[in-house]
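Here's the structure we're looking at; comments come further down.
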Amino acid sequence: MTHPNTGFSLRDRRALVTGSSRGIGAAIALSLAEAGADVMIHYTGNAAAAHDISARIAALGRKTGIVQSDFSEPIAPRLTFDATVAALGGLDILVSNVSVQFAEPWTEVSRAHFDTQVAVNWRSAFELIQLAAPPMLERGWGRILTIGSVQENKPHPQMVVYSALKAAQMHMVKNLAKQFAPQGITVNNIAPGVILTDRNTDRLADRAYADKTRSMIPAGYFGEPPDCAGAALLLCSEAGRYITGQNLFVDGGMSL
């Protein structure tokens with residue numbers, strides 16, 4: 001039996017990475033572009049950072065574009081998808097990375113914070129898949145990757161809603177992966193551990209908190225955004241064609 005190309009090349013593939021102006025999303029977007037994909041950059045508030053990442057992608061000779069939207073708003077998935085198709089001519093790879101979290105005791109979670117997290121962390125991923133998957137299924141090729149969290153296994157006591165939604169997202173991944181597999185579409189999840197991003201800077205500036213958190217990581221150090229990029233490239237390329245419905249922890253062993 002002759003196997004098809006199982007390499008990491010993404011030449012002529014078109015990708016959307018939400019929340020890609022910084023952190024993990026930016027690292028994944030750059031990695032996909034370096035592998036040959038055209039990549040749409042999405043941001044919520046930092047236009048300068050989004051333009052910087054888009055410029056770096058363009059410098060690689062890849063087609064790119066920028067779209068701004070707030071996924072707490074119902075119109076955001078459709079707006080983002082339409083802008084991507086207009087800029088890139090279609091969509092082969094969806095990386096749903098955008099998220100929001102509020103660190104607070106469960107007794108103080110407001111309805112507004114609850115609803116915002118549901119909309120951004122779960123509903124937006126589902127609605128983007130509703131838009132992106134049908135054309136992929138028709139073409140017989142596609143990659144859908146959601147970004148979860150080690151909190152699926154090790155929930156933070158002050159992030160009850162966030163961790164629960166990340167677990168729900170993984171359940172969605174397993175459900176859809178089984179339905180899409182016969183048509184050549186893979187659906188997977190990456191669950192990062194403690195990654196040195198802007199979101200974690202303030203918390204980890206507390207020496208005691210940082211030391212306590214590090215002690216829970218068998219590898220003994222915090223991850224960086226590029227640590228997630230290699231896993232994403234595997235799951236978005238032909239090299240990962242036989243992997244679907246899976247949850248890949250990128251956490252230095254924290255989930256063990």
Side-chain angles (χ1 to χ4, degrees), residues 10 13-26 28-29 32-33 37-45 50 53-54 64-101 115-139 141-149 152 162 165-181 183-192 228 232 235-236 244-247:
L10 292 176
R13 299 300 187 187
R14 301 155 298 185
L16 164 65
V17 183
T18 63
S20 47
S21 64
R22 60 190 178 92
I24 292 171
I28 291 175
L32 300 185
D38 298 331
V39 184
M40 189 72 169
I41 299 302
H42 162 265
Y43 76 98
T44 299
I53 298 300
S54 184
T64 184
I66 301 170
V67 58
Q68 189 276 338
S69 64
D70 180 348
F71 280 103
S72 66
E73 300 294 333
I75 192 61
R78 168 59 72 177
L79 185 156
T80 305
F81 176 76
D82 287 350
T84 300
V85 172
L88 305 184
L91 183 61
D92 305 296
I93 299 167
L94 169 63
V95 181
S96 180
N97 166 72
V98 68
S99 71
V100 65
Q101 58 184 215
D115 289 349
T116 296
Q117 290 179 95
V118 170
V120 176
N121 299 342
W122 190 25
R123 188 182 71 194
S124 70
F126 179 68
E127 292 185 348
L128 279 171
I129 293 171
Q130 284 184 309
L131 294 165
M136 294 179 185
L137 294 167
E138 289 180 8
R139 291 192 299 270
W141 197 96
R143 298 289 184 265
I144 296 171
L145 178 63
T146 59
I147 308 302
S149 170
E152 295 160 31
Y162 177 83
L165 289 169
K166 291 299 186 180
Q169 178 176 261
M170 184 57 218
H171 190 84
M172 175 184 71
V173 164
K174 292 167 64 176
N175 190 320
L176 295 177
K178 190 171 184 178
Q179 297 185 58
F180 294 173
Q183 284 74 45
I185 315 302
T186 68
V187 189
N188 291 291
N189 184 72
I190 289 176
C228 298
L235 296 174
C236 290
T244 196
Q246 301 305 305
N247 192 15

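All values reported here derive from a predicted model rather than from experimental measurement.
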How far apart are the C-alpha atoms of Trp122 and Lys166, what are their side-chain angles, what is the distance that settles it, and do they pass the side-chain contact (heavy atoms from CB on, under 4.5 Å) test? CA-CA 8 Å; Trp122 190 25; Lys166 291 299 186 180; over 6 Å; no
Looking at Val100, is its backbone amide N or carbonyl O close enough to the side chain of Asn121 to form a donor-acceptor pair, meaning the two atoms are under 3.5 Å apart? yes
Apply the test side-chain contact (heavy atoms from CB on, under 4.5 Å) to residues Ile129 and Leu94: give CA-CA distance (whole Å), side-chain angles for both, the deciding distance (0.1 Å), then the verdict. CA-CA 8 Å; Ile129 293 171; Leu94 169 63; 3.9 Å; yes
Residues at least two apart in sequence or cross-chain that pass side-chain contact (heavy atoms from CB on, under 4.5 Å) with Leu88, listed by chain then number, are Arg14, Asp38, Met40, Lys63, Thr84
Can you tell me how far apart CG (Leu235) and OG1 (Thr146) are? Round to the nearest 0.5 Å. 10.0 Å
Rounded to the nearest 0.5 Å, what separates atom CZ in Phe71 from atom OG1 in Thr116? 14.5 Å
Distance, nearest 0.5 Å, that separates CE of Met136 from CG of Leu131: 10.5 Å
Assess the residue pair Ser149 and Tyr162 against the criterion (side-chain contact (heavy atoms from CB on, under 4.5 Å)); give the C-alpha distance rounded to whole Å, side-chain angles, the decisive distance to 0.1 Å, and a yes or no. CA-CA 9 Å; Ser149 170; Tyr162 177 83; 4.0 Å; yes
Drop me the distance from Gln169's CD to Asn247's CG, to the nearest 0.5 angstrom. 9.5 Å
Could you tell me which non-hydrogen atom of Asn97 sits nearest to which non-hydrogen atom of Gly25, and how far apart they are? ND2-CA, 3.5 Å
Partner residues of Thr186 under the side-chain contact (heavy atoms from CB on, under 4.5 Å) criterion, sequence neighbours left out: Arg143, Asn188, Thr244
Which heavy-atom pair separates Arg139 from Leu91 by the least distance, and what is that distance? NH2-O, 2.6 Å
Sequence neighbours excluded - side-chain hydrogen bond (donor to acceptor under 3.5 Å, both in side chains) pairs with any residue from residues 64-75: His42-Ser69, Ser54-Thr64, Ser69-Thr80, Asp70-Ser72
Just jot down the side-chain hydrogen bond (donor to acceptor under 3.5 Å, both in side chains) partners of Gln117, sequence neighbours excluded, or say none. none
Looking at side-chain heavy atoms only, is the closest gap between Val17 and Val39 below 4.5 Å? yes
Of all heavy-atom pairs between Ala132 and Phe81, which one has the smallest distance, and what is that distance? CA-CE1, 3.7 Å
Identify the heavy atoms of Ser21 and Ala26 that sit nearest to each other, and give their distance. C-CB, 4.0 Å
Nearest non-hydrogen partners of Trp141 and Ile185, listed with the distance: C-CD1, 3.3 Å
Listed partners of Ala232 passing side-chain contact (heavy atoms from CB on, under 4.5 Å), at least two apart: Ile28, Leu145, Ile190
Let's go through Leu32 and Cys236 carefully: what are the C-alpha distance in whole Å and the side-chain angles of both, what is the deciding distance for side-chain contact (heavy atoms from CB on, under 4.5 Å) to 0.1 Å, and is it a yes or a no? CA-CA 8 Å; Leu32 300 185; Cys236 290; 4.1 Å; yes
Without swapping roles, check the side chain of Glu127 against the backbone of Ser124 for a donor-acceptor pair under 3.5 Å. no
Any chance you could measure Gln130, atom CD, to Leu176, atom CG, to the nearest 0.5 Å? 9.5 Å
Drop me the distance from Thr18's OG1 to Tyr43's OH, to the nearest 0.5 angstrom. 14.5 Å
Output all residues satisfying side-chain contact (heavy atoms from CB on, under 4.5 Å) with Ala119, sequence neighbours left out; order by chain, then residue number. Arg123
